[in-house]
Structure formats: C-alpha cells, structure tokens
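Step one of this worksheet: look at the structure below.
Here, residue 1 is the first one in the sequence, and each next residue gets the next number. Read the numbers this way: they start at 1 and go in the same order the structure lists the ligands and their atoms.
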Amino acid sequence: MPVIVGSVARMTKLEIKTVGVIGSGIMGSGIAEVISKSGIDVVIRSRSAETAQATKAAIDSSLNKQLVKAKITQEEKDSAMSHVTVTNKLEDLANCDLIIESAVEDLATKQELFSQLDKIVKPSCVLSTNTSTLPVIEMAKSTNRPDKVCGIHFFNPAVLMPLVEVVRPITASDETIAFANEFVKACAKDAVQVVDRAGFIVNALLFPYLNNAIAMFEAGTASMEDIDVAMKGGCNFPMGPFALLDLVGLDTSVAILEALHAEFKSPTLEPRPMLKKLVEQGKLGRKSKQGFYSY
Ligand SMILES: NC(=O)c1ccc[n+]([C@@H]2O[C@H](COP(=O)([O-])OP(=O)(O)OC[C@H]3O[C@@H](n4cnc5c(N)ncnc54)[C@H](O)[C@@H]3O)[C@@H](O)[C@H]2O)c1
C-alpha cells in the first residue's frame, strides 16, 4: 500500500465522496469499476446516452465474471453497482470532489474538456487526467485552478494492475498531490510519484522497447509471434510486445510515441510505419478485434 508521509499527508482536508470519470473507453470503464469497488460514488460521463448505458452494463458484466470466479461476493457486487451512475452531460459532474479525465489521447480534446469542467465543477474539485504521455501542465493552463490539476495515471487493465502514477505538474499544490495519493490509497492501488515529463516513468521506459520490437519485425529479424514468445520466455514478461500493443490500442500507442518524440526528439521514438499503417486501416488492436493479431 502507498504510504503518504509527513506534512503532505496532514495537508489533505478534502473528502472524496464522488468521483467523475470522463470517457468510457477501455480505461474509463476500468477506472470507474475500481472506484465503485472502493465504495466511492462514481459518475461516468460518456458522449452518448447509449454508450453511457453500455458502460454500466460492461461494469456489471465484469463484476459478474468476478462473482462467478468467487473473487467477490454478491453483496460486494451489489454494493459496487450501487455506486455507479452514468450520464451524457458534463453538468452532471458538478458535485464531484475529483474528476478523472480519460478521453482519447489528444491534447486539444483534453484541454477543451478541462476548460469546460473548470466552469462546471465546484471550486474545491480536483481535476485530474489519466493521460499516458501528454503534458499535464497544458491541461492545468486551460483552467483557472492550475493548483488543483494533476495526473492520476492508471494502467491497463485498471481492475487488475496495481500501479498508479501520480503526476505532478509544477503548478500543483502539495494538497492536491496529497489528495490524489489518498484517492489512490482508497482504491487499494500503489502510487508512485513522478514529475510532469512525457511518458512519466512507465511509458517513457516501455514505449521505446515496443517501437523497437516493431522495427525488428519490419527488418525481418523474426516473426512477431517469435518476438512475443522470446520476450515472454527470455525476460519473463507476462506478454510479448505485439500482444501488449494490441492491448493498449494502436491509436493510443501512436499518440504516446508522438508525445514522447515531441519531447525527447530521438528518431527511435517516431511511431514505426507499420504501426501507423494499421491505425490508418482502422486496425486498433483488441478494441477493434484486429491489430497485429486478430481477436
Ligand atoms: N489503453 C491503455 O492501455 C491506457 C493505459 C493508461 C492510460 N491510457 C490513457 O487513457 C485515456 C483513454 O484511453 P483508452 O485506452 O480508454 O481509449 P479508448 O479509445 O478505449 O477510449 C477513448 C474514449 O474517449 C472518448 N472520446 C473521444 N473523443 C472525445 C471527445 N472529444 N470528448 C470526450 N470524449 C471523447 C471516446 O468516446 C472513448 O470513450 C488516454 O488518455 C490514454 O492515453 C490508456
């Protein structure tokens, strides 16, 4: 469990009753499920009423699978679902204590959302982003509360992965960062602290490797199946690079590499042509049932 030390811990005065989640894709849905299981009310905002209802159904189905496997009890499932509300209106997030923005990995979209949310939510509300790589400071600058903006970066699948990166832009107050850590702790996740630099810790180290795996396949060194088998068997990784890219989403992977390339400039961070081509063809990985592999 994360430990929040010293004076920073004592600065947390905010109570977390309701969290708003923006975006109902792979991550938004998973994060909302984690929050619901922690006993905190969660309001998921999707752009349409249909996708909002579909997200609630997806959470119900995910909890059912855990129930069938005896990982949770019926009472725990019912309790989690009682904390979930969905909406297609940003205004319905007005009473939230914390927002986690988890929309598409596109800075302009996120900045527009932060600007709108800043006008809707109460003054004490902390605005956070689940961005994988984009500068959190640019979202903070879109608001009139830059001291209350930070990154709370979950990993995929959010229900299973224990880590959350708490990302600190230079504008964030100690209280905001302490609050974010309290929230991560309430979600029974492990927090690490990182400054606002592209890719934070994990993706800054992971994506050069993933992009290099594609370069190796493009060069004809080995098949993607053998590269995946090699990295599982040779490095004890739970999955190989191509399976992982498909899990992350190939469009999201392009956006992550572009953000890393924009900051660090290394040519090895430019998204590989094969990755870009798959995205152009609408092959986005598991979420579209076709990426490097078929699902
Ligand atoms: N996929 C991963 O492995 C992973 C892991 C950690 C963090 N993230 C981050 O989480 C965020 C969401 O990624 P995802 O994998 O869930 O993507 P996704 O493609 O599954 O979902 C994206 C969501 O954004 C919504 N959206 C698109 N345009 C929008 C707009 N203009 N306004 C509001 N919502 C909009 C879509 O409707 C969808 O619900 C991104 O910032 C991504 O970098 C992704």
Worksheet item: How close does the nearest protein non-hydrogen atom get to atom 1 (N) of ligand 1, and which residue and atom is it?
Response: Val248 O, 2.7 Å
Practice prompt. Look at the aromatic rings of Tyr293 and Tyr295 and report parallel, tilted or perpendicular, splitting at 30° and 60°.
Written response: perpendicular
Discussion item. So if I count the atoms of ligand 1 from 1 in the order they appear, which ones are less than 4.0 Å from some heavy atom of Ser102?
Written reply: 10 (O), 11 (C), 12 (C)
Worksheet item: Can any side-chain N or O of Asp118 pair as donor or acceptor with the backbone N or O of Phe114 at less than 3.5 Å?
Response: no
Worksheet item: Any chance the side chains of Glu105 and Thr252 put a donor and an acceptor closer than 3.5 Å?
Response: no
Worksheet item: Any donor and acceptor pair, going by atom type alone, linking the side chain of Gln290 with main-chain N or O of Arg286 inside 3.5 Å?
Response: no
Worksheet entry | Element-labelled atoms of ligand 1 that are located less than 4.0 Å from some non-hydrogen atom of Ser132 | 6 (C), 7 (C), 8 (N), 9 (C), 42 (C), 43 (O), 44 (C)
Fill in: Nearest non-hydrogen protein atom, atom 26 (N) of ligand 1
Arg47 NH2, 3.5 Å
Response to the item:
Looking only at non-hydrogen atoms, the one of Met27, Glu105, Lys110 nearest atom 14 (P) of ligand 1 is Met27
Discussion item. I want to check something: taking the side chain as every heavy atom from C-beta on, are Phe242 and Leu210 in contact at a cut-off of under 4.5 Å?
Written reply: no
Discussion item. Rounded to the nearest 0.5 Å, what separates atom OG1 in Thr131 from atom CD in Glu101?
Written reply: 7.0 Å
Worksheet entry | Enumerated ligand 1 atoms positioned under 4.0 Å from heavy atoms of Thr252 | 42 (C), 43 (O)
Worksheet item: In terms of residue, atom name and distance, what is the protein heavy atom nearest to atom 38 (C) of ligand 1?
Response: Gly25 N, 3.9 Å
Worksheet item: To the nearest 0.1 Å, how far is atom 10 (O) of ligand 1 from its closest protein heavy atom, and which atom is that?
Response: Asn130 ND2, 3.1 Å
Discussion item. If the cut-off is 4.0 Å to any non-hydrogen atom of Thr131, which atoms of ligand 1 fall inside it?
Written reply: 41 (O)
Worksheet item: If you measure from each heavy atom of Ser24 to ligand 1, is any distance below 4.0 Å?
Response: yes
Item to complete: Say whether, by atom type as modelled, one donor and one acceptor occur between the side chain of Lys189 and the main chain of Ala158 under 3.5 angstrom.
Response: yes
Fill in: Protein contact to atom 20 (O) of ligand 1 [nearest heavy atom, distance to 0.1 Å]
Ile26 N, 2.9 Å
Discussion item. Counting only heavy atoms, tell me which of Ile100, Thr109, Val104 gets closest to atom 31 (N) of ligand 1.
Written reply: Thr109
Practice prompt. Of the side chain and backbone of His153, name the one, both, or neither that has a heavy atom under 4.0 Å from an atom of ligand 1.
Written response: side chain
Practice prompt. Please check if the side chain of Glu76 supplies one atom and the backbone of Thr73 the other of a donor-acceptor pair under 3.5 Å.
Written response: yes
Practice prompt. Could you tell me the separation between the OG atom of Ser29 and the CD1 atom of Ile44, rounded to the nearest 0.5 Å?
Written response: 6.5 Å
Worksheet item: Numbering the atoms of ligand 1 from 1, which are under 4.0 Å from a heavy atom of Phe154?
Response: 6 (C), 7 (C)
Discussion item. Heavy-atom contact check, 4.0 Å cutoff: does Glu101 meet ligand 1?
Written reply: no
Worksheet item: Does Cys125 offer a backbone N or O that forms a donor-acceptor pair with the side chain of Arg145 under 3.5 Å?
Response: yes
Item to complete: Can you pull out the closest protein heavy atom to atom 40 (C) of ligand 1? Residue, atom name and distance to 0.1 Å, please.
Response: Ala103 O, 3.2 Å
Discussion item. Starting from atom 17 (O) of ligand 1, what is the nearest protein heavy atom, named by residue and atom, and what distance separates them?
Written reply: Lys287 NZ, 4.0 Å
Worksheet item: When rounded to the nearest 0.5 angstrom, what distance separates NZ in Lys287 from CG in Asp251?
Response: 3.5 Å
Practice prompt. Could you tell me which atoms of ligand 1, counted from 1 in the order shown, lie closer than 4.0 angstrom to a heavy atom of Asn156?
Written response: 1 (N), 2 (C), 3 (O)
